[in-house]
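Okay, so here's the structure we're looking at.
Note that the coordinates shown come from a computational prediction; the quantities given were computed from them, not determined experimentally. Chain letters run A, B, ... following the sequence lines, proteins first and then strands; every chain starts at 1.
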Number of protein chains: 2
Amino acid sequence: MTKQRHPEYTCSMEAALSVISGKWKVKILNQLMDGPRRYSEIRRSIDGMTEKMLSQQLRELEEDKILTRKVYPEVPPRVEYAFTELGKELASIFYALEKWGAHFLTVNSDTIKVADASCYTFREPVAEAV
Amino acid sequence: MTKQRHPEYTCSMEAALSVISGKWKVKILNQLMDGPRRYSEIRRSIDGMTEKMLSQQLRELEEDKILTRKVYPEVPPRVEYAFTELGKELASIFYALEKWGAHFLTVNSDTIKVADASCYTFREPVAEAV
DNA sequence: CCGTATCCCATGCGATACTG
DNA sequence: CAGTATCGCATGGGATACGG
């Protein structure tokens with residue numbers, strides 16, 4: 001009787017939030033913006049995250065079909081993580097969220113401190129033919 | 001030495017997520033989409049939320065300048081909550097998030113169950129003259 | 001009507017050590 | 001290199017009771 005990570009949602013919004021909530025997921029996804037990344041690349045790029053959290057979050061994101069995990073049968077082993085199409089579609093939302101966050105910090109600059117206003121690289125997706 | 005709710009963020013994205021994360025905030029904000037709402041209206045409209053959580057979350061949202069709290073000096077007392085401009089700007093993000101969530105649920109329909117695909121009312125903001 | 005105070009538990013996450 | 005296992009604590013949130 002293992003615990004279900006997605007019990008049952010009352011609506012799609014709740015489901016969406018469950019995917020991006022948590023301390024590390026957005027940071028991890030940010031690292032994949034410019035293409036596939038190896039486990040060790042992601043780990044080195046995110047300060048303060050333990051290996052336990054990285055692999056746990058990666059497994060959950062894979063389970064949710066946000067990213068893919070590809071193992072290369074080499075020595076030493078190589079594993080690469082990359083966005084699925086579903087994952088790529090989060091980019092524009094993250095871009096908008098970060099812009100809103102900057103505005104939020106401006107409005108609350110008297111009470112909230114921030115080290116670096118924009119440390120993410122989410123961008124508007126390039127226009128594609130439909 | 002009271003605990004700081006916003007310790008210090010490394011970036012604006014982190015700050016943005018801190019505002020909308022938590023079990024109830026998006027649900028509460030959703031209730032304000034069509035204009036100001038009274039405390040009791042919000043409470044009745046959200047199933048399963050205790051009064052403690054409602055007032056706690058409302059205070060935090062007020063502190064973060066997402067909404068305003070207006071007390072009417074009447075008997076019986078009346079208190080109304082409404083979006084600030086900053087709060088209103090979240091609407092388009094929530095709209096996009098909910099749409100993405102619907103897609104997410106479709107892709108994962110084999111493993112994730114949902115009661116009601118769209119229970120929120122976030123909309124694209126109406127165009128305004130700049 | 002509109003809240004607060006207290007208590008308590010589940011979960012998320014960190015620290016550390018170990019493995020194919 | 002790319003992970004897993006175990007332990008333990010801090011925090012978020014539920015239940016319940018009380019206050020202006």
Side-chain angles (χ1 to χ4, degrees), chain A residues 1-10 14 17-28 31-32 36-64 67-82, chain B residues 1-10 14 17-28 31-32 36-64 67-82:
Chain A
M1 194 91 171
T2 47
K3 176 67 167 26
Q4 281 267 102
R5 201 160 55 76
H6 298 293
E8 167 161 345
Y9 298 115
T10 57
E14 213 170 328
L17 284 174
S18 78
V19 172
I20 65 169
S21 60
K23 193 170 175 180
W24 303 109
K25 280 186 180 162
V26 173
K27 288 176 197 286
I28 293 170
Q31 292 302 317
L32 303 182
R37 286 287 176 274
R38 302 180 58 165
Y39 178 89
S40 54
E41 291 178 315
I42 301 173
R43 175 165 52 75
R44 277 193 302 268
S45 65
I46 304 178
D47 206 54
M49 179 179 51
T50 63
E51 296 199 324
K52 171 195 163 184
M53 288 315 293
L54 177 54
S55 54
Q56 181 185 107
Q57 303 299 300
L58 284 170
R59 297 306 162 150
E60 292 184 7
L61 290 166
E62 186 193 2
E63 225 183 282
D64 290 344
L67 50 78
T68 59
R69 178 176 184 269
K70 181 162 187 189
V71 183
Y72 292 85
E74 305 171 356
V75 177
R78 180 160 62 105
V79 179
E80 281 190 353
Y81 295 88
Chain B
M1 192 92 169
T2 47
K3 177 66 168 22
Q4 282 265 102
R5 203 160 54 75
H6 298 293
E8 167 162 344
Y9 298 115
T10 57
E14 214 170 328
L17 284 173
S18 79
V19 172
I20 64 169
S21 60
K23 193 169 174 180
W24 303 109
K25 280 184 180 163
V26 172
K27 288 176 197 284
I28 292 171
Q31 291 303 315
L32 303 182
R37 285 289 176 272
R38 303 182 58 164
Y39 179 90
S40 52
E41 290 177 315
I42 302 173
R43 176 164 52 75
R44 278 193 302 269
S45 65
I46 303 180
D47 205 55
M49 179 179 52
T50 63
E51 296 200 324
K52 169 194 164 184
M53 289 315 293
L54 177 54
S55 53
Q56 182 185 108
Q57 304 298 299
L58 284 171
R59 297 305 162 155
E60 293 185 6
L61 290 166
E62 187 193 2
E63 226 182 280
D64 289 344
L67 50 78
T68 59
R69 177 175 186 269
K70 181 161 189 192
V71 183
Y72 293 84
E74 305 173 353
V75 177
R78 181 161 61 106
V79 180
E80 281 189 355
Y81 296 90

field: A:D47 CG to C:dG14 C1', straight-line distance once rounded to whole Å
entry: 14 Å
- request: Give A:S55 one of three labels, base, sugar-phosphate or nothing, depending on what nucleic acid heavy atoms sit under 4.0 Å from its own.
  value: base
message: At 4.0 Å (heavy atoms only), tell me whether A:R5 reaches a base, stays on the sugar-phosphate, or touches nothing.
response: nothing
- prompt: What's the CZ-C1' distance between A:R69 and D:dC1, to the nearest Å?
  reply: 12 Å
task: Rounded to the nearest angstrom, tell me the gap between atom CD in B:E51 and atom P in D:dG14.
output: 14 Å
Nearest-angstrom distance from the residue atom CD of B:E60 to P of D:dG12: 8 Å
field: Any A:Y81 side-chain nitrogen or oxygen under 4.0 Å from OP1 or OP2 of D:dG3
entry: yes
- line: A:I28 atom CD1 is separated from D:dG3 atom P, nearest whole Å, by 12 Å
query: Side-chain contact, heavy-atom cut-off 4.5 Å: A:E60 with A:R5?
result: yes
task: Show your reasoning for whether side chain to side chain contact (heavy atoms under 4.5 Å, CB included) applies to B:Q57 and B:I42.
output: CA-CA 12 Å; B:Q57 304 298 299; B:I42 302 173; over 6 Å; no
task: Describe the nucleic acid contact of B:G22 in one word from base, sugar-phosphate, nothing, applying a heavy-atom distance below 4.0 Å.
output: sugar-phosphate
query: What is the nucleic acid contact for B:R43, judged by heavy atoms within less than 4.0 Å: base, sugar-phosphate only, or nothing?
result: nothing
- prompt: Between A:K52 and D:dT6, is there a side-chain N or O to OP1/OP2 distance below 4.0 Å?
  reply: no
- prompt: Taking OP1 and OP2 of D:dA15, is either one under 4.0 Å from a side-chain nitrogen or oxygen of B:T50?
  reply: no
message: Side chain of A:R38 only, heavy atoms from C-beta on: which candidate in D:dC1, D:dG13, D:dG3 is closest?
response: D:dC1
query: Given D:dA2, is OP1 or OP2 found less than 4.0 Å from the side-chain N or O atoms of A:R78?
result: no
message: Tell me the interatomic distance from A:M49, atom CE, to D:dG3, atom P, rounded to whole angstroms.
response: 12 Å
- prompt: Atom CG of B:L54 and atom C1' of C:dC1: how far apart are they, to the nearest Å?
  reply: 13 Å
task: Report the distance from atom CD of B:E41 to atom C1' of C:dC1, rounded to the nearest whole Å.
output: 12 Å
query: Looking at side-chain heavy atoms only, is the closest gap between A:E41 and A:Q31 below 4.5 Å?
result: no
query: Less than 4.5 Å apart, any side-chain heavy atom of A:I28 and any of A:Y81?
result: no
query: What nucleotide among C:dC13, C:dG20, D:dG3 has an atom nearest to a side-chain atom of A:W24?
result: C:dC13
- prompt: Which part of the nucleic acid does B:R59 contact within heavy-atom distance under 4.0 Å: base, sugar-phosphate only, or nothing?
  reply: sugar-phosphate
query: Can you find a pair of side-chain heavy atoms, one from A:K25 and one from A:I20, that are under 4.5 Å apart?
result: no
